[in-house]
Amino acid sequence: MAEIKHWAEVIADEALENGTKHRISTGITPSGHIHIGNMREVVTADAAYRMIVERGAETEFIYMADNFDPLRKVYPFLPESYAEHVGKPISEIPCPCGECESYAEHFLKPFLEGLERLGIHPKVYRADQLYKSGSFVEAIKTALIKRDDIAKILKEVSGKDVLPEWSPFNPICQECKKINTAVVTGFDADAETVDYECPCGHSGTVPMAGGGKLTWRVDWPAKWKMLDVTVEPFGKDHASRGGSYDTGKRIVREIFDHEPPQPIVYEWIMLGKKGAMSSSTGVVVSISDMLKVVPPEVLRYLIMRTKPEKHIKFDPGQPLLTLVDEYERLNANPEVEGLNKRVLELSHAKGICHTDIPFKHMTTIFQVAHGDFEKIMKIVERAGYDTTNEKCIRELSANVSNWLEMYAPPFAKFSVKDELPEQTATLSDVQKAFLGALSEIIEASGELTGEDYHNLVYSSKEAGSDLHLKIVEKLGVADDELEINPKEMFKAIYTSVLGQQSGPKAGWFLSSIDQDFLAKRFSEASTYRP
RNA sequence: GGGCCGGUAGCUUAGUCAGGCAGAGCGAUGGACUCUUAAUCCAUCGGCCGAGGGUUCAAAUCCCUUCCGGCCCGCCA
C-alpha cells in the first residue's frame, strides 16, 4: 500500500488538482461564546491552508465573522432585557459587558485573540462591513432579479416550497430594527433600494448597501462568488442532501456563474458525556477557557490527529491530562516520522515557548508549592529541569492552576496540610515508629534528592539498614523479628502529610517539600496520640 | 419517509479515496532500574475490522443488504 497521507495532505492534493490559486474561507456567527467545536472549523481550515501552501499554491486564508445575522433568541447566558433585541443583527446590539462596540464584537474579540495564540492568522472580514460598504450590492440585485430561479432551485434540491412572499433579501426594518420580520414588496435595481412592509406596522425603503442581508442559503454562495472561495470547511449540518451546501452549489453556478468551493465536512466535538457542544444549549467550553488550561499546541493536536469527518470526544477533566501527555511525549521524541510527524508539524503554533516539565508533574509541584511561584521555581530547579525560560514555566504553572481550579477531578488534587492531619490517628505502631525513624534520618542528613527519599523508604524493609535498626529500637523488638511492608510505609507518609492514603510518586513528591518541615511533621506524627 | 457521517484491541483511533501479512497510543499484564505507590525503560497480552451476502488469485478497503450511534432534510448555519 502507498504511504499514508495525513487528511490535510489529501485535501491539499485534491485542491491542487483544481487549480494553483486558492482562497480558503471559514465563517462563524459570533452569537455566543465561540467554543472549541467552532474552533474545529478554523483549525481544520488552517491545516488545509498550511498544506496547500506547502504544496506550492498561492493561497489566502480568510475568516468571515457573520455578525450581520439576527440574534435568534435570549440565550440562557443573557439577561431578560435582551428580549427587545431578538431579531436585530448582532452587530447592531449592545454588548453584554458594556465595553465592546457591539454584541458581536464581545464574542468575536476573545475568539480572534485565541486564533492568534493558536498560530492561525486569517484575513478577517466582518459581514456587516461588507454589506454596509456595498460589496454585496451586485449579488443582491442578481438575487432579487432571479428570485424565481432561486426559489425553483430551493424547491428542486431541498424539496421545500418557498412562501409566495419569500425574498432572497431580508431588509432591516427602520422602525423596529429587526432583520428577520419585514416582507419585501419591491425593489429598484437602478436606485439600489428595496421596499418592505414590517409586521410592526412600519413600511419603508432601505438601500441594498447595509439595509439588510441575503438569506443564508443565498448569502453563502454569494460570498463564494464575491470572495472567490475555492475551499471551505463546514459542519455536517450543512452537508446533508438538500442542505445549504447542496442548494448553494447550484445557486452559485446557475445564479452567480461561479464554481462552488471544495467542501471539507467536519463532525462535531462532543463534550464528555454531555453530547454535542452548542452555544444555545449551554454545553460549552469556550476557546478562551481552554487556552487558560492547555497550551495551544495541544488543542491543535486534538484536531489534527483526527480526520474531520470523525467526531471528537473531548473531556477537559482527567482525559485532558492524557491528551497533554500524549502530545508532550510525541513532541519530545526526535525520531517521530510519517503520519505522526505530520500531525506534530500541523499542531505547531508559532512563537510558543516550551519547557521540559511535563504537565502532570507540574500539577504536583504546583500543589506542593501552594501555587507560590518562587517555591515552584525552587522545586523545578531541584528536580533538574531547565529553568532558563521562566516565562514558559510561568505559563505552564498558570495553565495548571486553572486546570486544577476548573476541571481537575478530586483525586488529582491534594494539599500538604499545614497542621498534622487527624487521619494520623489511624496509623499503626509500626508506621509511627517508621515515621519517627525517618524523621531522625532526614534531620541528620544533608539535602536529599527524590531518589534518596525513595531508596530511604525502601530501606525500611531491609534488616540491618539504618532505618530498620531505628524502627526496631523504637518498637523494642529484635532486628530480625520485624517484617516491614514498604506499601504501608508509603501510606504512613501520605497520611501524615496529605491526610490521604495515596499521592503522587513519593520520591520526588517528598523532595519537593521543605526538609525541615518533613522532619518535624514525621516526628509529630510518630508521637501523635488523639 | 429521504439523505449524510461514523462503527477496526478494554478505551481513543490509523489504515478505506488508490484491494496485497490489520498498525499505533492509552490501559492491562510481566519484567528491569537495590524500587508496586500518579516517574522512566523493556517485553507481553489483546482483533469474526458491527452483521450477512457478492465481485476477486486476494476485501477492513469495491458492490448489494442489514443492524447500531450521531446528525441533517424546519430558508432557526
Side-chain angles (χ1 to χ4, degrees), chain A residues 1-7 10-11 13-14 27-29 31 38 41 66 69-73 86-87 150-151 154-155 157-163 166-168 170 180 214-220 234-248 251 263 265-268 270 275-276 278 280 302 305-315 318-319 321-323 325-327 329-330 336 338-340 343 358 360-361 363-364 383 411-412 414 450-451 453-459 461-462 465 485-491 493-494 501-509:
Chain A
M1 196 152 61
E3 192 175 325
I4 297 162
K5 285 198 280 188
H6 187 264
W7 54 262
V10 176
I11 291 167
D13 287 343
E14 192 185 331
I28 294 167
T29 308
S31 60
N38 303 132
E41 167 151 336
D66 282 318
D69 290 15
L71 182 69
R72 304 284 174 206
K73 61 175 185 182
V86 170
I150 297 173
L154 291 178
K155 163 72 178 162
V157 178
S158 74
K160 275 299 266 195
D161 276 310
V162 300
L163 297 169
W166 180 84
S167 169
N170 298 134
N180 57 358
L214 290 165
T215 186
W216 160 245
R217 287 205 183 225
V218 182
D219 173 84
W220 202 18
F234 48 88
K236 62 171 176 180
D237 47 344
H238 299 309
S240 68
R241 177 138 313 173
S244 48
Y245 181 73
D246 257 13
T247 53
I251 290 171
V265 180
Y266 61 86
E267 253 281 358
W268 304 138
M270 319 287 285
S278 150
S280 47
L302 175 72
R305 71 212 270 257
T306 313
K307 289 188 299 185
E309 60 268 32
K310 215 136 174 155
H311 78 244
I312 292 176
K313 276 182 208 147
F314 179 77
D315 187 333
Q318 185 65 15
L321 277 197
T322 310
L323 180 74
D325 256 7
E326 197 180 316
Y327 175 76
R329 193 182 295 238
L330 205 57
V336 283
L339 196 62
N340 276 339
V343 170
K360 245 186 202 172
H361 283 211
T363 63
T364 300
F411 76 87
F414 64 85
E451 201 180 350
Y453 277 111
H454 193 84
N455 292 335
L456 190 56
V457 175
Y458 274 95
S459 74
K461 72 173 178 186
E462 286 162 28
S465 74
N485 180 358
K487 186 175 181 170
E488 295 303 313
M489 302 307 111
F490 279 106
K491 269 190 193 166
I493 290 171
Y494 293 127
Q501 297 227 328
S502 62
K505 193 83 180 174
W508 54 272
F509 170 58

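So you know, we letter chains A, B, ... as the sequences are listed, proteins then strands, and number each from 1.
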Tell which nucleotide pairs with [N], taking only Watson-Crick or G-U wobble pairs whose two distances are both under 3.5 angstrom.
N: A28(B); value: U44(B)
N: C4(B); value: G70(B)
N: A38(B); value: none
N: A14(B); value: none

So [X], base contact, sugar-phosphate only, or nothing? Heavy-atom distance under 4.0 Å.
X: H238(A); value: base
X: K236(A); value: base
X: L154(A); value: nothing
X: W166(A); value: base

[N] and [M]: how far apart are their [atom1] atoms, nearest whole angstrom?
N: A9(B); M: U40(B); atom1: C1'; answer: 25 Å
N: G10(B); M: G2(B); atom1: P; answer: 35 Å
N: A51(B); M: A60(B); atom1: P; answer: 11 Å
N: G47(B); M: G23(B); atom1: P; answer: 13 Å
N: A43(B); M: G53(B); atom1: P; answer: 40 Å
N: U8(B); M: G50(B); atom1: C1'; answer: 10 Å
N: U65(B); M: A22(B); atom1: C1'; answer: 25 Å
N: A59(B); M: C21(B); atom1: C1'; answer: 13 Å

Residue-phosphate contact under 4.0 Å: [X] side-chain N/O, [N] OP1/OP2:
X: Y458(A); N: U36(B); value: yes
X: R329(A); N: C26(B); value: yes
X: S244(A); N: C73(B); value: no
X: R72(A); N: A77(B); value: yes
X: K5(A); N: A14(B); value: no
X: K307(A); N: C5(B); value: no
X: K313(A); N: U12(B); value: yes
X: Y494(A); N: A38(B); value: yes
X: K310(A); N: A14(B); value: yes

Say you draw a straight line from OH of Y494(A) to CZ of F509(A); how long is it, rounded to the nearest 0.5 Å?
7.0 Å

Taking CG from N340(A) and P from C26(B), how many angstroms apart are they, rounded to a whole number?
11 Å

